[in-house]
Number of protein chains: 2
Amino acid sequence: MSTSFQQHKTGDLHFLKRLNRSAILELVRRTPGLTRADIASQAQLTKATVGAGVQSLLKQGWLSEGELQKSSGGRPGRSLYLNERHYAMLGAEVGVHGLRLVACTLSGQRLASHHEPLVPTTPEATAELLAGLLRQLMAAPKVADRHCLGVGVALPGPVAPGQPLLRLAPNLGWRDVRFLDLLRPHLPRQDGVWLMDNEANSAAFGELYFRTGTIPDSLVYVSAGTGIGSGMVEGTHPPLISRGLQGLAGEIGHTVLQPGGLYCHCGNRGCAETLVSGWSLRAALGIAEDESLIDALLPRLQDEGVQRTLRRAGEALGTLLLNLHHTQNPSEIVLGGSLVQLGAPLLDPALAYFKANQNRLLGTTQQVPLRVIEDATFIAARGAAAQVLASVIHGPSDLL
Amino acid sequence: MSTSFQQHKTGDLHFLKRLNRSAILELVRRTPGLTRADIASQAQLTKATVGAGVQSLLKQGWLSEGELQKSSGGRPGRSLYLNERHYAMLGAEVGVHGLRLVACTLSGQRLASHHEPLVPTTPEATAELLAGLLRQLMAAPKVADRHCLGVGVALPGPVAPGQPLLRLAPNLGWRDVRFLDLLRPHLPRQDGVWLMDNEANSAAFGELYFRTGTIPDSLVYVSAGTGIGSGMVEGTHPPLISRGLQGLAGEIGHTVLQPGGLYCHCGNRGCAETLVSGWSLRAALGIAEDESLIDALLPRLQDEGVQRTLRRAGEALGTLLLNLHHTQNPSEIVLGGSLVQLGAPLLDPALAYFKANQNRLLGTTQQVPLRVIEDATFIAARGAAAQVLASVIHGPSDLL
DNA sequence: AGGTGTTTGTTCAATCTTTTTACTTAGTGG
DNA sequence: CCACTAAGTAAAAAGATTGAACAAACACCT
């Protein structure tokens, strides 16, 4: 399901209390170690309100008290932190070549994780396998004694906004799969939040949501793997994921970069994926489906043919990044996915093109932060867990 | 200034009351003729709360009571409408070839408007001229007796988010202009809301905000004129404009459609604007700056050379629309700007390409609504007025 | 050591808004 | 003409934030 927090058009007093408590929790999440007095000034609430809110959050296991801060002439304040021991969230990613699962704390710390290689199969079989692995994860020592807030699943394709329906997963051969419905029967506990989303959306959300300190206004995660997709989160309290009417937002792999170019599996011509993607690299370099693309290429990175192919793909990736810059202009871009492991031969041309052209219009020197994630294995799964947490904090749950 | 409604992290009781009253006003705005009982059920408020809220909104001139509805077995409810006589908003667009001004009611009805042709000049001279025209507009009979909520100005270039600064207007030759600061000294009344935004953003906002009935979740306005830009609004209560880190969101004219293509005025190669834009059409067909592009082309639409040029430009426009579809997937696309007046020779190839390819990925038959605005003259100016209204309803103003 | 000043956090009555409940109003239909 | 239904209003009740007073904890000065 898409984590759509209904915009509370109206509110009663209970809603107001919830709002303020979730604001307190968010502040401590973003800035660990805050005191009640800090919260009061930053949230523009009175000491009394903050005191009451903090007390109930402590009692329910959301916050924990830390050490006394250094005095600045008066009574020192007591630091507040997320209670990392009471709750846990589960996140999973169904990838084209495997399942990835994580359990993590409120701050996003990994408690346990698992990577299960897998060749694509039916949704039903995948769901059953994933359910078994989730049960194992829940039984892990660090996880079992925590209260589980819910499960989030990230999937490699567009998800219908507002309902838990995977519209399409081209690289799995799936279409119109209600994955959560397949998962539920195989799991004992049905309580808590259950949601599913596109993997790039989940990853983007997690990268923004688990950050502390000052956080960017918006963030785009570009996932370069078998296909190419992106996810965008915007705003705060809570960050909102752009999904679009049909869940097609972020399908940048099918933006046209070369009108009249090569045919794409979608039937159109010149899609970005025909220039840069796992499957186009396989096609260009003759690497079979049953072989790992990365494993096949890493030893051959010095080959001139491989270098040339990767450079061309990298230039297309750079164009894609620049087009995102001029379409959504995110405050930060994060680049992940399996292709990142190919390193400089692919990434250098991309980053160089982006850097060279991002400031042409305005003529400024301000650089948009672009971060490359070396090991993106659990990023999407962790992001799905983040969505679970956000859903509890900002959604209709009665746990808070 | 960008209409950024600070996300109210927290709230007191006064905030709650405001929230509920603005929700009532929004409901009546979207569905004129609602009764108090309808509002209560739709907004999940009690009859008493709605009654009190409506009463104060009536007293302050936001709402007016209409006729009695037909009884359905009990006491008939009284219809509520926006009070179209008490308030007014002003909107203006600074275009490359002229100034456009409107004054409108709460529902977006035009009370008065003015179009002033103009050749590009300095920001200072433009501001002084615009101020004079605004004063005239405020003195118009239908406008003068209303309370003016504020002024919004739409500008042809990226506007810095969070501050009233036009970063760049390439076709005016302006850079880093604080236009509101230039405008203020020439206007007598400084109260109310003052804001400025990119013209495509304003247009998109207005198209969504003034709509009644069921409204789309998101909307993209594509403005095809001397340059090509787009604006996106998303969500409701209130609709949010995506501006991006530097105000570059929607600069789709500078997305690359043809790597290694023609040089663009931005210095990069293959930008969409090199394929479809007022300036690229002038260049391709040899039409001078001092001549109206539309007036020059309309008589020559049957020329084979013109047809071919427009068809190619239209195909690029279609690609641009498809790329938007696969990047943001808006619930509705609105196409405006002066180039729309060129009609079928330009638009048919664009719409055909978009229609032929928009469903390739999902394989559905659902069509994204795409509306072409025949006369987009006052769309952006009216949108800026809409932003003023939204800023009063959802912002920190104390008028509501 | 002890007093003073400063800041943190809590307690409690006051205030304000929504809700609940009862009641009035206004029309339909037998 | 009278029951019946639904819309809207006016009271008391419930619940949340606020403001002021108070207690706690530490630094600094004498």
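All figures in this text were calculated on a predicted structure; none of them were measured in a lab.
Between the NZ atom of Lys70(B) and the P atom of dG29(C) there is a distance of 11 Å, rounded to whole Å. Gln55(B) places its CD atom 7 Å from the P atom of dA10(D), with the value rounded to the nearest Å. One can place NZ of Lys59(A) at 14 Å from P of dT10(C), the figure rounded to the nearest angstrom. Put simply, CG on Leu45(B) is 12 Å from P on dT20(C), counting in whole angstrom units. In this structure, Arg78(B) places its CZ atom 12 Å from C1' of dT25(C), rounding to the nearest Å. Between the CG atom of Leu13(A) and the C1' atom of dT20(C) there is a distance of 13 Å, given to the nearest Å. If you take NZ of Lys17(A) and C1' of dA14(D), they are 12 Å apart, rounded to a whole angstrom. Note: CD (Gln44(B)) to P (dT19(C)) measures 10 Å, nearest angstrom.
Put simply, the side chain of His147(B) reaches to within 4.5 Å of the side chain of Tyr87(B), judged on heavy atoms.
Proximity of Asn20(B) to the phosphate of dT18(C): a side-chain N or O atom is located under 4.0 Å from OP1 or OP2. Of the side-chain N and O atoms in Thr46(B), one or more sit less than 4.0 angstrom from OP1 or OP2 of dT19(C). Taking 4.0 angstrom as the limit, Thr49(A) places a side-chain polar atom (N or O) nearer than this to OP1 or OP2 of dT18(D). In this structure, Ser71(B) does not reach the dT5(D) phosphate: none of its side-chain N or O atoms is under 4.0 Å from OP1 or OP2. Between Arg36(A) and dT10(C), a side-chain N or O to OP1/OP2 separation shorter than 4.0 Å is present.
With dA25(D), dT17(D), dG8(D) as the choices, the nucleotide that has an atom nearest any side-chain atom of Ala37(B) turns out to be dG8(D). Proximity note for Ala48(A) (side chain, C-beta onward) versus dA16(D), dG8(D), dG19(D): the nearest is dG19(D). Closest to the Pro76(A) side chain, of the nucleotides dT7(C), dA25(D), dA26(C), is dA25(D). Listed nucleotides: dA26(C), dC26(D), dT7(C). Nearest to the side chain of Arg75(B): dA26(C).
In this structure, Gly74(A) and Ala52(A) both approach DNA chain D, and ranking their closest nucleotides by distance from the 5' end singles out Ala52(A). Heavy-atom nearest nucleotides on DNA chain C were determined for Leu68(B) and for Ser72(A), and the one closer to the 5' end corresponds to Ser72(A). Mapped onto DNA chain C by nearest heavy atom, Gly77(A) and Asp12(A) fall at different nucleotides, with Gly77(A) at the one closer to the 5' end.
As judged by a 4.0 angstrom heavy-atom cut-off over every strand, Lys47(B) is placed among the base-contacting residues.
Between the side chain of Thr31(B) and the backbone N or O of Leu34(B), no donor-acceptor pair lies under 3.5 Å. Using modelled atom types, one side-chain atom of Arg30(B) and one backbone atom of Tyr209(B) make a donor-acceptor pair closer than 3.5 Å.
Geometrically, Arg29(A) does not engage Tyr81(A) in a cation-pi contact defined by less than 6.0 Å to the ring centre and at most 45° from the axis.
Atom CD of Glu65(A) is surrounded by more than 12 heavy atoms from other residues, nucleotides or ligands within 6.0 Å.
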